[in-house]
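If you're wondering where the values come from, they're calculated on a predicted model, not measured in any experiment.
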Amino acid sequence: QSYPTINAVWNYSCGDPGGNYLYYQAVIGDTILNSKNYVHLKVHDNYYSSNAYYFIREENKIIYQFNTLDSSELIVFNFNLGIGNKFYSPFCFDSLTVNSIDSILLENGQYRKRMNLSNGVLIDTWVEGVGSLNFPIGFIWGWESGGTLMCFYENFQHLISTYCFY
């Protein structure tokens, strides 16, 4: 499984030119949209003091986000990419190139595939079963400088933790 489906919470510290703020996102259930099963995410951004809700699903190691504006789907992660492949993000006006692929050891002793991507300015790291280590779902790439995943837990077990505030 390339993306969590139950009992998962991510905590991020993000930054922009005005300072730092906190994001958290959590799986809060599931739903069916257009005859497809989606994970229901709640994303809270304390910078804007707002909540947003997203719908995510996985098929063949590709993670799709349901676009509520027109009922289409956006690809947010593709864990099938190889070194040198480009990923065209729906959240920025540029592409990211896969620079390297290796593995990362999680706190539960499991290794997961890690992909390092960049476009010269923007850098991201994806981990199978976790997602991005730098950008939460719903984060718009642009003038923001990105963030850091501070804590991730799934099924009530910490898999990555430096600081947990959820």
Examine the side chains of D70 and S72 and answer whether a donor and an acceptor come within less than 3.5 Å of each other. yes

Is there a side-chain contact between I56 and I63 in this structure, where contact means two heavy atoms from C-beta onward sitting under 4.5 Å apart? yes

Please check if the distance between the ring centroids of W10 and F135 is under 6.0 Å. no

Applying side-chain contact (heavy atoms from CB on, under 4.5 Å), name anything that partners N80, two or more places apart in sequence or on another chain. K61, I62, N78

Check whether any side-chain heavy atom of N11 sits under 4.5 Å from a side-chain heavy atom of L22, and report yes or no. no

Side chain to side chain, F55 and L33, heavy atoms closer than 4.5 Å: yes

Any side-chain heavy atom of L81 sitting closer than 4.5 Å to one from W126? yes

Closest heavy-atom contact between V9 and A26? CG2-CB, 3.9 Å

Could I get the full list of side chain to side chain donor-acceptor pair (under 3.5 Å) partners for N85, not counting sequence neighbours? none

Could you note down all residue pairs passing side chain to side chain donor-acceptor pair (under 3.5 Å) where residues 29-43 supplies at least one of them, sequence neighbours left out? Y38-E73

Heavy-atom pair of closest approach, residues N99 and S118: ND2-OG, 2.7 Å

Could you list the residues that satisfy side chain to side chain donor-acceptor pair (under 3.5 Å) with S103, not counting sequence neighbours? none

Show your reasoning for whether side chain to side chain contact (heavy atoms under 4.5 Å, CB included) applies to N108 and Y153. CA-CA 10 Å; N108 66 356; Y153 72 84; over 6 Å; no

Answer yes or no: is there a side-chain heavy-atom contact under 4.5 Å between V130 and R112? yes

Can you give each donor-acceptor pair under 3.5 Å made by side-chain atoms of residues 154-161, sequence neighbours left out, with the distance rounded to 0.1 Å?
| from | atom 1 | to | atom 2 | distance (Å) |
| --- | --- | --- | --- | --- |
| N155 | OD1 | N7 | ND2 | 3.4 |
| S161 | OG | E107 | OE1 | 3.1 |
| S161 | OG | E107 | OE2 | 2.9 |

When you compare the side chain of P136 with that of Y24, does any pair of heavy atoms fall below 4.5 Å? no

V43: which residues meet the side-chain contact (heavy atoms from CB on, under 4.5 Å) condition with it, sequence neighbours left out? Y23, Q25, Y54

Heavy atoms only: give me the nearest F87-I75 pair and the separation to one decimal. CZ-O, 3.4 Å

If hydrophobic clusters are built from ILVMFWY residues whose side chains come within less than 4.5 Å, do F66 and V27 share one? no

Is a donor on one side and an acceptor on the other found under 3.5 Å between the side chain of S132 and the backbone of N134? yes

Does one hydrophobic cluster hold both I83 and I104, with members joined at side-chain heavy-atom distances below 4.5 Å? yes

Any side-chain heavy atom of Y53 within less than 4.5 Å of one from I28? yes

